[in-house]
Visitor: 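Encoded as structure tokens, here's the structure I'll be asking about.
Side-chain atoms are counted along with the backbone in the values below, which use heavy atoms only and exclude waters and symmetry mates. Quick caveat, the model's predicted, so the values are computed rather than measured.
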Amino acid sequence: MAAISASTYPAAGVSPFSQRRATSSYGGIRNLSRILAVSTERGGRGTGFGENGKHEKQKLNQKVVKEESEVKPNIYANPEKIPEFEEDKKWLKDYFEECKEMIRSDGGPPRWFSPLECSSSTSPDCPLLLFLPGIDGTGLGLIMHHHKLGKMFNVWCLHIPVQDRTPFNELVKIVERTVRSENYRSPNRPIYLVGESIGACLAISVAARNPDMDLVLVLSNPGNPLRVLMDNVVKRGPLPQIIGELSQDLATMSSYLPVLADIVPRQTLLWKLNLLKSGSACGNSCLHAVKAQLLILCSGRDQLLPSQEESQRLQKALPDCEIRMFEESGHFLFLEDNVDLVTIIKGASFYRRRKHSDCASDFMPPTPSEFKKLHDSISWVLTATSPVMLSTLEDGKVVRGLAGIPSEGPVLFVGYHMLMGFEVIPLVAQIMMERNILVRGIAHPAMFVRVKDRRPPEPELSDFDVLRVMGAVPVSAANFYKLMSSKSHALLYPGGVREALHRKGEEYKLFWPDKSEFVRMAARFGAKIIPFGV
């Protein structure tokens, strides 16, 4: 068994007052209560007079005290009991039902709409996300992701009516006008363009025409359709039939084939194919002008378009391009149950609210379903190592479990790596399950930068996506400062990769630098330092 022991030491120069910090942003209950307390107290002052006003204020203060004393339940305590999907998630059948309603009274020019499920939880600081649809044109292609996207983005979807015949260059102008208008309103905020097939061509064309604008492109299966797609239509029949054959849920698809026929009737299908052809030609001709940050999602079983070849070509042609492969997925990536667009964006470190990413303010903690998937993937490590956690209480007593870890940050865990750093996985997972505390790992920069001309067995950048979802940040003085100032729980290995890859005879040998500057930074914020051994 592996035993992990931890003791707590306040950093130098910490007063008792500075140790009583508010809860971190990951729990957030106490911070939220104080925000509510401010607003309710102001309301009381505006309406209360004399004794009645004092009485109302006392009631409000009692309510605030009660809210601050409440303990947030640990939703991560039992990963086996966490549902695989969120309750408000929509499914493939919802896509068809809403498509049916949308095209029933369809007409007019292309236009934007914002899904209702995205509007209730969006913060005013969230960046704008414009969804550019594929061949279906409905704008509902992200319906299975709306419930999570709305917590991170202001989502607008482009709807192209079934009978609309707007040429590609005019569609580009529609999107471009919106992008320029919103960029003028919020010049310091990025604009996300998420597109598939035709939408991907629109996104590339808009980005090429606006190279100085802060755009982030997320493109699904951007293939060159000139021959392959036409061959599929000729050999396999109308598009509704093709979609039904390629679907992950044939039973559901087959019952909605009439709806598919209404979404893309024959004349509309021919028009969309020509639109895709002109869009592909336009996008290819202006690739050299694209300066935007680009994330390509590529399916391994795309039977409509040669997505893998096209993705690799785009990565070579564009300077700031990342690829994420989905080996078992088909062409309609966003309509598959096991694809989570929000997790993909977070894992690729593509989410930011300003010009530059901020590891503290831009970080979105893992959802319960994301943590469940992580826990399921590492269960073999937990079984193989059978970790036992020990911690030290304030009175010096060593107890089994993690009761000795402070709930309030800033807290800095400092330890040494075992071989391959396997101790990180059970340590971070157990702290989250037992204490509802997310530990932000300070990791090697190689986990965040794509290596050109990578050679196996060198890891892919995507191999570290799970660490980024769990809050890992590249090691730097600036990131360490942000974590400490935001009262986070951070994890630091001064020995770095060299310590994790120690050689024979170097067991338990420390490779720490002579000067531990992290102590000075931790002391500045009154952080509690927890040295631990394994």
Side-chain angles (χ1 to χ4, degrees), residues 84-86 89-96 99 131-136 138 140-149 192-201 203 217-225 228-229 232 236 239-254 256 260 276 294-315 321-348 350 367 369-370 372-374 376-377 460-466 468-469:
E84 186 175 357
F85 302 104
E86 291 79 5
K89 176 182 173 67
K90 291 191 174 182
W91 305 94
L92 190 60
K93 62 182 181 61
D94 297 304
Y95 166 77
F96 288 112
C99 282
F131 174 61
L132 311 177
I135 289 179
D136 68 313
T138 62
L140 293 171
L142 295 181
I143 191 171
M144 298 172 69
H145 311 272
H146 287 167
H147 65 297
K148 293 183 68 174
L149 287 172
Y192 285 71
L193 302 179
V194 178
E196 53 184 358
S197 60
I198 295 175
C201 298
L217 275 57
V218 182
L219 310 181
S220 171
N221 293 324
N224 190 330
V228 180
L229 188 56
N232 272 294
R236 306 175 68 171
L239 186 62
Q241 180 180 339
I242 298 173
I243 296 175
E245 292 175 3
L246 301 180
S247 169
Q248 59 166 346
D249 190 342
L250 296 180
T252 303
M253 276 289 190
S254 60
Y256 285 101
L260 281 170
L276 191 55
L294 181 61
L295 176 62
I296 296 179
L297 313 182
C298 180
S299 296
R301 296 186 176 183
D302 188 348
Q303 300 184 53
L304 282 180
L305 300 176
S307 300
Q308 294 191 48
E309 294 85 348
E310 185 69 2
S311 299
Q312 293 170 0
R313 184 181 72 87
L314 290 175
Q315 188 178 43
C321 179
E322 295 291 342
I323 294 178
R324 292 299 182 268
M325 280 291 303
F326 301 86
E327 298 291 351
E328 302 301 319
S329 296
H331 178 76
F332 304 99
L333 196 63
F334 294 140
L335 292 176
E336 297 198 7
D337 294 342
N338 61 339
V339 174
D340 189 326
L341 180 57
V342 166
T343 305
I344 295 168
I345 292 174
K346 288 161 58 174
F350 264 62
T367 63
S369 61
E370 287 172 342
K372 176 182 176 63
K373 291 177 182 177
L374 165 70
D376 292 346
S377 67
E460 291 276 5
L461 187 60
S462 59
D463 294 338
F464 305 109
D465 283 5
V466 64
R468 291 188 286 270
V469 170

Visitor: Which heavy atom in Gly134 sits nearest to a heavy atom in Ser197, and how many Å separate them?
Guide: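 So the two residues come closest at CA-OG, 3.2 Å.
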Visitor: To check you understand the geometry: which heavy-atom pair defines the closest contact between Ile323 and Cys298, and what is its length?
Guide: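 Closest approach of Ile323 to Cys298: CG2-CB, 4.4 Å.
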Visitor: Is Asp465 salt-bridged to Arg324, cutoff N-O under 4.0 Å?
Guide: yes
Visitor: Show your reasoning for whether side-chain contact (heavy atoms from CB on, under 4.5 Å) applies to Leu142 and Leu341.
Guide: CA-CA 9 Å; Leu142 295 181; Leu341 180 57; 3.9 Å; yes
Visitor: If you take all heavy atoms of Ala200 and Leu219, which pair is closest and at what distance?
Guide: CA-CD2, 3.8 Å
Visitor: Search all heavy atoms of Ser329 against all heavy atoms of Val339 and return the closest pair with its distance.
Guide: OG-CG2, 4.0 Å
Visitor: Ignoring hydrogens, what is the shortest heavy-atom contact between Leu140 and Phe131? Give both atom names and the distance.
Guide: N-CE2, 4.4 Å
Visitor: Hey, are the side chains of Ile296 and Glu322 touching, using non-hydrogen atoms and a 4.5 Å cut-off?
Guide: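 Side chain of Ile296 against side chain of Glu322, heavy atoms only: no contact under 4.5 Å found.
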Visitor: Are any of the side-chain heavy atoms of Phe350 and Leu294 separated by less than 4.5 Å?
Guide: no
Visitor: Find out whether Asp337 and Trp91 are in side-chain contact, i.e. whether some heavy atom of one side chain is under 4.5 Å from a heavy atom of the other.
Guide: yes
Visitor: Please test Lys148 against Glu86 for side-chain contact (heavy atoms from CB on, under 4.5 Å), starting from the C-alpha separation and ending with a verdict.
Guide: CA-CA 9 Å; Lys148 293 183 68 174; Glu86 291 79 5; 3.8 Å; yes
Visitor: Would you indicate whether the side-chain heavy atoms of Phe85 and Ser369 approach each other to under 4.5 Å?
Guide: no
Visitor: Contact between Ile135 and Ile198 at the side-chain level, heavy atoms closer than 4.5 Å - yes or no?
Guide: yes
Visitor: Using the rule given for side-chain contact (heavy atoms from CB on, under 4.5 Å), can you reason through Phe334 versus Val194, listing the C-alpha separation, both sets of side-chain angles and the distance that settles it, and then say yes or no?
Guide: CA-CA 11 Å; Phe334 294 140; Val194 178; 3.9 Å; yes
Visitor: Of the non-hydrogen atoms in Ala203 and Leu132, which two are nearest, and what is the gap between them?
Guide: N-CD1, 3.8 Å
Visitor: Mind checking whether Lys372 and Thr367 have side chains closer than 4.5 Å, heavy atoms only?
Guide: no
Visitor: Check whether any side-chain heavy atom of Phe326 sits under 4.5 Å from a side-chain heavy atom of Ile344, and report yes or no.
Guide: yes
Visitor: Calculate, to the nearest 0.5 Å, the distance between atoms CG and OG belonging to Leu333 and Ser220 respectively.
Guide: 4.5 Å
Visitor: Kindly compute the distance separating CZ (Arg468) from OG1 (Thr343), expressed to the nearest 0.5 Å.
Guide: 13.0 Å
Visitor: Please check: side-chain N/O of His145 versus main-chain N/O of Asp340, any donor-acceptor pairing under 3.5 Å?
Guide: no
Visitor: Between Asp94 and Ile143, is there a donor-acceptor pair closer than 3.5 Å when you use the side chain of the first and the backbone of the second?
Guide: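 No, the answer is negative, given that no donor and acceptor are paired below the 3.5 Å cut-off.
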Visitor: To the closest 0.5 Å, what do you measure between CD (Glu327) and OG (Ser299)?
Guide: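 Spacing of CD (Glu327) from OG (Ser299) equals 9.5 Å.
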Visitor: Begin from the C-alpha positions of Glu370 and Lys346 and carry the test side-chain contact (heavy atoms from CB on, under 4.5 Å) through to its verdict.
Guide: CA-CA 11 Å; Glu370 287 172 342; Lys346 288 161 58 174; 2.8 Å; yes
Visitor: Salt bridge check: are Lys89 and Glu84 linked by an N-O gap of less than 4.0 Å?
Guide: no
Visitor: Within the structure provided, determine whether Lys90 and His146 are in side-chain contact (heavy-atom separation under 4.5 Å).
Guide: no
